[in-house]
Amino acid sequence: MALFRALILALLAGAHAELPGCKIRITSKALELVKQEGLRFLEQELETVTIPDLRGSEGHFFYNISEVKVTELQLTFSELHFQPDQELVLQINNASWGLRFRRQLLYWFFYDGGYINASAEGVSIHTALQLSRDTIGRIKVSNVSCQASVSRMHAAFGGTFKKVYEFLSTFITSGMRFLLNQQAATSQICPVLYHAGTVLLNSLLDTVPVRGAVDELVGIDYSLLKDPVASTSNLDMEFRGAFYPLTEANWSLPNRAVEPQLQEEERMVYVAFSEFFFDSAMESYFRAGALKLSLVGDKVPHDLDMVLRASYFGSIVLMSPAVIDSPLKLALRVTEPPRCTIKPSGTTVSVTASVTIALVPPKQPEVQLSSMIMDARLSAKMALQGKALRTQLDLRRFRIYSNQSALESLALIPLQTPLKTLLQIAVMPMLNERTWRGVQIPLPEGIDFVREVVRNHAGFLTIGADLHFAKGLREVIEKNRPADTRDPRTSSAPPPSTAAV
């Protein structure tokens, strides 16, 4: 019975789960590019570590090592890969550190001081980043686990008494190796990586849009619906992908569209959009009152003005002389939210609008000549450029008819061609000017899409692309770095780490 109840609850939860309007898949092919950019930043971060002084003795030999500085860092062998439950794992093997420190050595009554060049070799670092959804729906690095170790130390001794204490260098190098291993896990390497992940990388992820304005009329909600899901070959994220009118921030269109699916893995990244994504955009503009147009007087093309006056000549001549020469008004108003249909053959947008033709006498009520219904079908081509999803619309089908009688619909046939021409030369450029500006895809600042390929499916479309760093990772992070977290050692949350000593 308990199992049956749990099954029912699971089915009910699934039935009420919100479907995503947008999905993004990052494939393993993107990781090499991300790793190269990330390692450049990581090298600079690790070169800032500080190592405490080392003091010790062996018999009559006393040594003091101080002012330890990292002079060079080489991350030769590294691998970045997805791992289920861990999300993103960075493995660095056989790296090396160049070190320079001040020596103070005393053997019996012989004292020597100076600087030593040393190297820490066989440095291994294993870091796993846990990705999750935060309270506002943004992707975050929620945890960083770390293991670090140093396997070998070499020191180049010099000075007056080089032969005297060179054989004792083992004590120093062993002590330094022990110290570095302790510092790697507790107060140097792992804290730097923990800080880089939970603070610096999160400051980069803060640049990903979650919920904000697209323009002065509508906004978009890109909040994650659940935690990212990692497999061995990709990382999948599901976003709400819903537009809303800025004057009705709490309004939302129910998502009854087909859930977009991502199957490909050939490109670095894939983005999928369902019909709901575009429907919510068009309904938001409809609710914001943007889908209407009014042309009066000189705004009406001269040729169309002549055709309209000729078509309604009989009605016009019956009016008073003061009205006959009045400016002509042509008003188009979308009467219901447009709807998008995505098929393998292409994407279309269906629009129904009212068309009103009237004369506008000065300082008098307008005189309506005709009112008709317009049905139009637009083809839509999507493109992904930079971080913007852009749309190019083209008028494919157009018809007008009267909602009063079939006879009146026949009388409107001569207006079919001039009104269609008006849409093509006056209305479509205005629409395309807006849709070609595009809407930003949820990517961090400094990363763009390149070489995109668009594919239509039944109920959704996918865009495959590669990634390009338009800005360096350090440039973006430095721009967005929190001012009070410059020192990794000030991080309040200690990293879960261990060291192989």
Side-chain angles (χ1 to χ4, degrees), residues 13-26 87-88 129-143 197-199 201-230 234-262 269-285 287-288 340 382 384 386-389 438-449 459-463 467 476 480 482:
H16 292 88
E18 183 177 357
L19 294 177
C22 171
K23 288 185 177 181
I24 292 183
R25 164 171 290 181
I26 300 175
E87 264 81 25
L88 198 59
L129 277 65
Q130 187 79 35
L131 302 176
S132 65
R133 172 190 181 275
D134 70 5
T135 54
I136 65 171
R138 176 178 280 120
I139 182 173
K140 283 288 186 181
V141 177
S142 56
N143 190 32
T198 59
V199 177
L201 187 54
N202 276 335
S203 71
L204 174 68
L205 295 177
D206 284 343
T207 65
V208 177
V210 174
R211 185 179 175 90
V214 175
D215 53 26
E216 69 280 1
L217 296 175
V218 306
I220 188 168
D221 187 342
Y222 272 130
S223 56
L224 280 170
L225 297 179
K226 61 181 183 179
D227 290 343
V229 177
N234 54 62
L235 179 72
D236 288 335
M237 294 169 284
E238 297 184 356
F239 300 88
R240 179 167 286 115
F243 291 78
Y244 58 91
L246 293 179
T247 56
E248 302 178 75
N250 295 325
W251 174 85
S252 63
L253 178 69
N255 187 351
R256 300 186 178 92
V258 174
E259 181 177 354
Q261 303 296 321
L262 288 172
V269 63
Y270 287 89
V271 188
F273 302 96
S274 73
E275 291 174 346
F276 166 79
F277 180 87
F278 303 102
D279 284 348
S280 69
M282 292 183 289
E283 183 149 345
S284 295
Y285 280 105
R287 295 176 71 92
C340 173
M382 312 300 173
L384 199 56
K387 275 193 287 286
L389 175 66
V439 59
Q440 184 179 345
I441 303 303
L443 270 187
E445 181 181 346
I447 303 177
D448 291 337
F449 292 110
F460 65 96
L461 61 86
T462 61
I463 303 178
L467 295 176
V476 178
N480 298 280

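Remember, predicted model here, so these are calculated numbers, not experimental data. All values below come from the heavy atoms of this structure, side chains included, with hydrogens, waters and symmetry mates left out. We're numbering straight along the sequence, starting at 1.
Proximity of Glu87 to Leu235: side-chain heavy atoms (C-beta onward) are separated by under 4.5 Å at one or more points. Counting only heavy atoms from C-beta outward, the side chains of Ser142 and Lys140 never approach each other to under 4.5 Å. Looking at Thr247 and Leu217, their side chains never come closer than 4.5 Å, going by heavy atoms from C-beta outward. Contact annotation: the side chain of Ile139 approaches that of Leu131 to within less than 4.5 Å [non-hydrogen atoms, C-beta and beyond]. Looking at Asp206 and Arg138, their side chains come closer than 4.5 Å, going by heavy atoms from C-beta outward. No side-chain heavy atom of Asn255 sits under 4.5 Å from any side-chain heavy atom of Glu18. Looking at heavy atoms from C-beta onward, Met237 lies in side-chain contact with Ile26 at the 4.5 angstrom threshold. For the pair Phe449 and Val271, the minimum side-chain heavy-atom distance is below 4.5 Å.
Nearest heavy atoms, Val141 versus Gly197: CB-O, 3.6 Å. Considering all non-hydrogen atoms of both residues, Leu443 and Ile447 come closest at CD1-O, 3.8 Å. Taking all atoms of both residues into account, the shortest heavy-atom contact from Trp251 to Pro245 is CE3-CD, 3.3 Å.
Judged by the 6.0 Å distance and 45° axis criteria, Arg211 is positioned over the aromatic ring of Tyr244.
At a threshold of 4.0 Å, the pair Arg133-Asp227 does not count as salt-bridged, since none of the basic side-chain nitrogens sits closer than that to a carboxylate oxygen. Look at Lys23 and Glu259 and you find a salt bridge, because one of the NZ, NE, NH1 or NH2 atoms lies within 4.0 Å of a carboxylate O, short of that distance.
To the nearest 0.5 angstrom, Ile24 atom CD1 is 11.5 Å from Glu238 atom CD. Annotation: the span from Leu225 atom CG to Leu19 atom CG amounts to 9.0 Å, rounded to 0.5 Å. Interatomic distance, Cys22 SG to Arg240 CZ, rounded to the nearest 0.5 Å: 12.5 Å. Here CG of Asn234 is found 10.5 Å from OH of Tyr270. Values are rounded to the nearest 0.5 Å. Remark: Asp448 CG to Ile441 CD1 distance equals 11.5 Å, nearest 0.5 Å. If you take CG on Asn143 and CG on Leu129, they are separated by 9.0 Å, rounding to the nearest 0.5 Å.
Distance alone, capped at 3.5 Å, places no donor-acceptor pair between the Ser223 side chain and the Gly137 backbone.
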Exercise answer: donor-acceptor pairs, residues 273-283 side-chain atoms, under 3.5 Å, sequence neighbours excluded:
residue	atom	partner	partner atom	Å
Ser274	OG	Phe276	N	3.2
Glu275	OE2	Ile342	N	2.8
Asp279	OD1	Cys340	N	2.7
Ser280	OG	Phe243	N	3.1
Ser280	OG	Phe276	O	3.2
Ser280	OG	Phe277	O	2.9
Glu283	OE1	Arg339	NH1	3.4
Glu283	OE1	Arg339	NH2	2.7

Should Leu246 and Val214 be marked as a side-chain contact (heavy atoms from CB on, under 4.5 Å) after you check the CA-CA gap, both sets of side-chain angles, and the distance that decides it? CA-CA 9 Å; Leu246 293 179; Val214 175; over 6 Å; no
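For Tyr222, there are no side-chain hydrogen bond (donor to acceptor under 3.5 Å, both in side chains) partners two or more places apart in sequence or in a different chain.
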